[in-house]
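Structure first, commentary second.
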2 protein chains.
Amino acid sequence: MASDQTRSAILAAAERLYADRGFGDVTLRDIVAEANVNLAAVNYHFGSKDELIAELFVTRSIQTNRERLNELKAAEERGGGRATIEDIIRALVGPPLRGCLGPDREGSTAARFMIRASIESVPPIRRIKNREVDHLRKFAAAMRRAMPGRDDTELYWGLHFALAMAHHTIREKERLLRLSEGKCDLDDVRAIIDRVVSVTVMALTAGEVPASKPARPAFVQGRLTRQDL
Amino acid sequence: MASDQTRSAILAAAERLYADRGFGDVTLRDIVAEANVNLAAVNYHFGSKDELIAELFVTRSIQTNRERLNELKAAEERGGGRATIEDIIRALVGPPLRGCLGPDREGSTAARFMIRASIESVPPIRRIKNREVDHLRKFAAAMRRAMPGRDDTELYWGLHFALAMAHHTIREKERLLRLSEGKCDLDDVRAIIDRVVSVTVMALTAGEVPASKPARPAFVQGRLTRQDL
DNA sequence: GATAGTTTCATACAAATGTTTGAAATGCAA
DNA sequence: TTGCATTTCAAACATTTGTATGAAACTATC
């Protein structure tokens, strides 16, 4: 058998099993049985179990990050070099949400694998996630260009909350479905993205004033009353 | 040695080790060594390793949930039976945020343990978290009373996003610190709670109109422009 | 202080797991 | 075909792990 076929078979089997049963419950023996290859093949082709998991995760991560940067670039070109804050957030949360949610993605192994990786947290995946900060800096920079007057701290909190809502929706979709008794439609990805984007934009622009008065975010000063909105 | 002393020693040692090194890296042998008790003591007093972890987690969970309900009750009494939406969200996110963040909590084993439990995800903890839905329903009910006209779906999304921001801040505080190069102050818990509450209230009240026009949330209809705010 | 119930202890068990090994098979170029 | 490198394979290795056992030590009650 060609070397690459064994490699691919292992990758496919591993992704499927991890997606279905989680990292804790799947052993190398499960994977090689599913892939119909020899036990030693994993260490021969990947070096170790952790490197296999890492390769699975980086592949999907790179995919998401590339989509994010493509969307960001497209938005910047539309705006003549400067994207709107809304489009920046959309480029940030759209790809992972589209990648993990939606009715067509239900059966997608890749989607289920990434949801798993978001819920459980194994060392090789943690290591890769830690490198994500560099990627996020590009979005922070774009946000800074989109909202020049805004305090950096506010931008970071906005970026952070956007990711919070996106990731938490992916990770806790079952619970939200159960809590809302099915009322929250988790298949309408477009609407979810709109929701996350609009809340984030609201948070980022709250308290912002045209130009005269100094920008002083209302929500860090204390409690907020209806009149403030 | 009195029976309870061994039990407590195991609980304390386990919480400390899990807090420091995570669930994946700590074995029963590590725990009993730290607690200076015999290996068999764990199974004698707790039945199994999973039941030990479960007991640790439920203890802290019950604590948080009680604080939440106390705050909710206090807010409802202040408002004559009906709490404001702001106070409800505050009661929801305040306790876990205060429990896990802040300079004084830095050395707290309980805080570090709960952060760990939020990052990693082991079966016994997952089982307990699944029961949390019943607890959250009480807050959904309170929100419904606070915003009678609002569509239920909107309330659930608001509740969901509030938890998203709170939990994600707890779980990713290191990353936010690194991304913002220390600009985001994660020790100022009061300000963080204010932030989460105000963003949530904004999300929940956006598009809401005094009474005449039908409430139609702007952010589910499509992109949001500055004028909409 | 004898007895019954509880707790501790050293040790063994049994199973699972990632990894390694060395030979056999296969592929491929000269 | 020969020879060399790559790949596959069965088997074994070496730990690690949670759990169980049965005797010993301890405690409290009568």
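Lettering of chains follows the sequences in order, A, B, ..., and the numbering in each one begins at 1. Both backbone and side-chain heavy atoms feed into the values below; hydrogens, waters and symmetry mates do not.
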Scan the side chains in residues 108-115 of chain B for donor-acceptor partners under 3.5 Å anywhere in the protein, sequence neighbours excluded, and list what turns up.
| unit_1 | atom_1 | unit_2 | atom_2 | d |
| --- | --- | --- | --- | --- |
| Ser108(B) | OG | Arg105(B) | NH2 | 3.3 |
| Ser108(B) | OG | Ala110(B) | N | 3.3 |
| Ser108(B) | OG | Ala111(B) | N | 3.0 |
| Arg112(B) | NE | Asp20(B) | OD1 | 3.4 |
| Arg112(B) | NH1 | Gly107(B) | O | 3.2 |
| Arg112(B) | NH2 | Asp20(B) | OD1 | 2.3 |

Using distance only, find each side-chain donor-acceptor pair of residues 155-162 of chain B under 3.5 Å and give its atom names and separation, not counting sequence neighbours.
| unit_1 | atom_1 | unit_2 | atom_2 | d |
| --- | --- | --- | --- | --- |
| Tyr156(B) | OH | Arg144(B) | NH2 | 3.0 |
| His160(B) | NE2 | Thr169(A) | OG1 | 2.9 |

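The OH atom of Tyr44(B) sits 15 Å away from the C1' atom of dA20(D) (whole-angstrom rounding). Rounded to an integer number of Å, the gap from Asp30(B) CG to dT16(D) C1' is 11 Å. Here dC9(D) presents its P atom at 15 Å from CG of Asn43(A), a figure rounded to the nearest Å. Rounded to a whole Å, the CD1 atom of Ile31(B) is 11 Å from the C1' atom of dG18(D).
Under the salt bridge (Lys or Arg N to Asp or Glu O under 4.0 Å) criterion, Arg145(A) pairs with Glu76(A), not counting sequence neighbours. Residues forming a side-chain contact (heavy atoms from CB on, under 4.5 Å) with Ile128(A) (at least two apart in sequence, or on another chain): Ala54(A), Phe57(A), Val58(A), Arg131(A).
Screening residues 36-57 of chain A for salt bridge (Lys or Arg N to Asp or Glu O under 4.0 Å) gives Arg7(A)-Glu55(A), Asp50(A)-Arg127(A) as the qualifying pairs, with residues at least two apart or on separate chains. A side chain to side chain donor-acceptor pair (under 3.5 Å) check over residues 174-185 of chain B, counting only residues at least two apart or in different chains, returns the pairs Glu132(A)-Arg175(B). Screening residues 22-32 of chain B for salt bridge (Lys or Arg N to Asp or Glu O under 4.0 Å), with sequence neighbours left out, gives Arg21(B)-Asp30(B).
Near-neighbour residues of DNA chain D inside residues 47-57 of chain B, defined by a heavy atom below 4.0 Å, number-ordered: Ser48(B), Lys49(B).
Checking the phosphate oxygens (OP1, OP2) of dT8(D), a side-chain nitrogen or oxygen of His45(A) falls inside 4.0 Å.
Note on Arg90(A) versus Glu71(A): no salt bridge recorded, every NZ/NE/NH1/NH2 to OD/OE distance being 4.0 Å or above.
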Study note, to complete from the structure: Heavy-atom contacts, protein to nucleotides 9-16 of chain C, under 4.0 Å, summarised as B (base), S (sugar-phosphate only) or - (none) per nt, yield BB-B----
